[in-house]
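Reviewing the structure listed below.
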Amino acid sequence: MTVRFENLPPRIAKLPVDERGYPIPYFVEIIDDKPDFRVMNQRHLIAAIKFSRCWICGEQLGRYKAFTIGPMCCINRISAEPPSHYECARFAVSACPFLSQPMAKRNKRGMPDGSWAPGIMLERNPEVTCIWVTRDYTWFREGDGLLFRIDEPDRISFWRDGRLATRAEVDRSVNGGIHHLDGLAIQQSGKAVRQLEEYKARFRRLLEDVLPVGEGS
């Protein structure tokens, strides 16, 4: 079945499409003449950083950068991917099966050898996705890859099923994944545990500002 998207953002509408009708984002690697949406194009990763290009459409970014991340990344403010335009991020949280469908699982079948993500990747679907809009970020090396440290937000929003998420849904996502961060911090050091507690408190304050308890529940 061919998927047909209506009212595409102009930058997304310029992208080529695959045989299903899905726009092929800038970040996608082409393998054997076919796009593999699970594999990051390393050349485009470097270009996105060097020339401030959108990770989704490949066009020039402006002053504001939108990171599409899960709640755990909101806590430590680390992303495995560079930013995009806000409009492109909005399309992603509505159209990407893994981001828009809470029960979706990552498809690892037939993954190319050597495919991996830097840092420690949580395999779960967080069920809620945050669009974190900021003016700046920095990148750093982690093993053989790169990670991105996100600056203070100008605005954030949480999404589920292509719609704004409720506070209860965000809390459920956080509670379902926070033990992963706790475990990693305990393995590292007492200092890491204390720092994580500060990060969690910082996130709770931020969340209360944008989505108070009881709102949209």
Side-chain angles (χ1 to χ4, degrees), residues 55-56 61 63-104 106 117 119-140 142 147-188 190-217:
W55 191 226
I56 296 174
L61 287 173
R63 183 180 187 184
Y64 295 98
K65 288 88 175 170
F67 286 86
T68 307
I69 56 178
M72 296 305 101
C73 294
C74 292
I75 293 175
N76 60 24
R77 300 193 180 184
I78 300 294
S79 173
E81 299 179 345
S84 62
H85 298 105
Y86 175 78
E87 294 79 8
C88 295
R90 274 287 291 110
F91 173 78
V93 298
S94 298
C96 171
F98 188 76
L99 298 182
S100 63
Q101 300 173 21
M103 295 301 105
R106 295 185 186 275
I120 298 175
M121 178 179 174
L122 304 185
E123 294 297 332
R124 76 181 189 118
N125 185 321
E127 302 184 10
V128 169
T129 302
C130 175
I131 300 180
W132 181 294
V133 180
T134 185
R135 303 186 194 191
D136 203 7
Y137 70 93
T138 56
W139 61 268
F140 61 97
E142 179 68 27
L147 291 174
F148 302 87
R149 183 171 289 111
I150 307 170
D151 211 341
E152 290 290 326
D154 280 81
R155 57 181 168 134
I156 64 173
S157 54
F158 294 90
W159 300 82
R160 177 188 167 101
D161 294 323
R163 58 161 173 81
L164 287 170
T166 66
R167 173 61 186 265
E169 289 168 339
V170 175
D171 286 342
R172 184 162 58 248
S173 176
V174 172
N175 293 336
I178 196 62
H179 65 280
H180 293 289
L181 293 186
D182 288 335
L184 292 172
I186 291 172
Q187 291 177 18
Q188 292 176 14
K191 180 179 179 181
V193 171
R194 292 190 294 273
Q195 185 176 54
L196 177 59
E197 290 303 314
E198 294 175 3
Y199 287 172
K200 289 192 286 188
R202 177 182 63 181
F203 176 67
R204 286 194 294 269
R205 292 192 297 269
L206 180 62
L207 183 59
E208 188 61 27
D209 285 341
V210 300
L211 198 59
V213 172
E215 183 171 319
S217 298

Please report the interatomic distance CD1(Ile150) to CD1(Ile69), rounded to the nearest 0.5 Å.
4.0 Å

Which residues share a side-chain hydrogen bond (donor to acceptor under 3.5 Å, both in side chains) with Asn76, sequence neighbours left out:
none

Validation row: Arg167, Leu207 side chains within 4.5 angstrom (heavy atoms):
yes

Identify all side-chain donor-acceptor contacts of residues 82-91 below 3.5 Å with residues at least two apart in sequence or on another chain.
{"residue": "Ser84", "atom": "OG", "partner": "Ala66", "partner atom": "O", "Å": "3.3"}
{"residue": "His85", "atom": "NE2", "partner": "Gln60", "partner atom": "O", "Å": "2.7"}
{"residue": "Arg90", "atom": "NH1", "partner": "Ser94", "partner atom": "OG", "Å": "3.2"}

Going from CE on Met72 to NE2 on His180, what distance comes out if it is rounded to the nearest 0.5 angstrom?
8.5 Å

Only counting residues at least two apart or in another chain, list the ones meeting ring pair (Phe, Tyr, Trp, His ring centres under 6.0 Å) with Phe67.
Tyr137

side-chain contact (heavy atoms from CB on, under 4.5 Å) with Gln195: which residues, sequence neighbours excluded?
Tyr199

Taken in chain and number order and not counting sequence neighbours, the residues that satisfy salt bridge (Lys or Arg N to Asp or Glu O under 4.0 Å) with Asp151 are none

Heavy atoms of Pro71 and Val174 approach each other most closely as CB-CG2, 3.8 Å

In Å and rounded to the nearest 0.5 Å, what is the OG to CH2 distance from Ser79 to Trp139?
15.0 Å

Quick one: salt bridge (Lys or Arg N to Asp or Glu O under 4.0 Å) partners of Glu81, sequence neighbours excluded?
none

First locate atom CZ of Arg149, then atom OG1 of Thr134, and finally report the distance between them rounded to the nearest 0.5 Å.
13.0 Å

Would you please name every residue forming a ring pair (Phe, Tyr, Trp, His ring centres under 6.0 Å) with Trp132, sequence neighbours left out?
none

Is it true that Glu197 and Lys200 have a side-chain N and a carboxylate O under 4.0 angstrom from each other?
yes

Salt bridge (Lys or Arg N to Asp or Glu O under 4.0 Å) pairs, two or more places apart, involving residues 63-74:
none

Rounded to the nearest 0.5 Å, how far does CZ of Phe158 lie from CD of Glu169?
12.0 Å

Tell me every residue that passes salt bridge (Lys or Arg N to Asp or Glu O under 4.0 Å) with Asp154, counting only those two or more places apart in sequence or in another chain.
Arg135

Sub-4.5 Å side-chain heavy-atom contact between Leu196 and Ile75:
yes

side-chain hydrogen bond (donor to acceptor under 3.5 Å, both in side chains) filter on Ser157, not counting sequence neighbours, yields Trp159

Taking side-chain hydrogen bond (donor to acceptor under 3.5 Å, both in side chains) as the definition, give me every residue that meets it alongside Asp136, ordered by chain and number, with sequence neighbours left out.
none

pair Ile156-Cys74: side-chain heavy atoms closer than 4.5 Å:
no

By salt bridge (Lys or Arg N to Asp or Glu O under 4.0 Å) - contacts of Arg205 (at least two apart)
none

Gap between atom CD1 of Ile186 and atom CG of Leu181 - 0.5 Å precision
11.0 Å

Tightest non-hydrogen contact, residues Gly70 and Pro126, listed as CA-CG, 4.5 Å

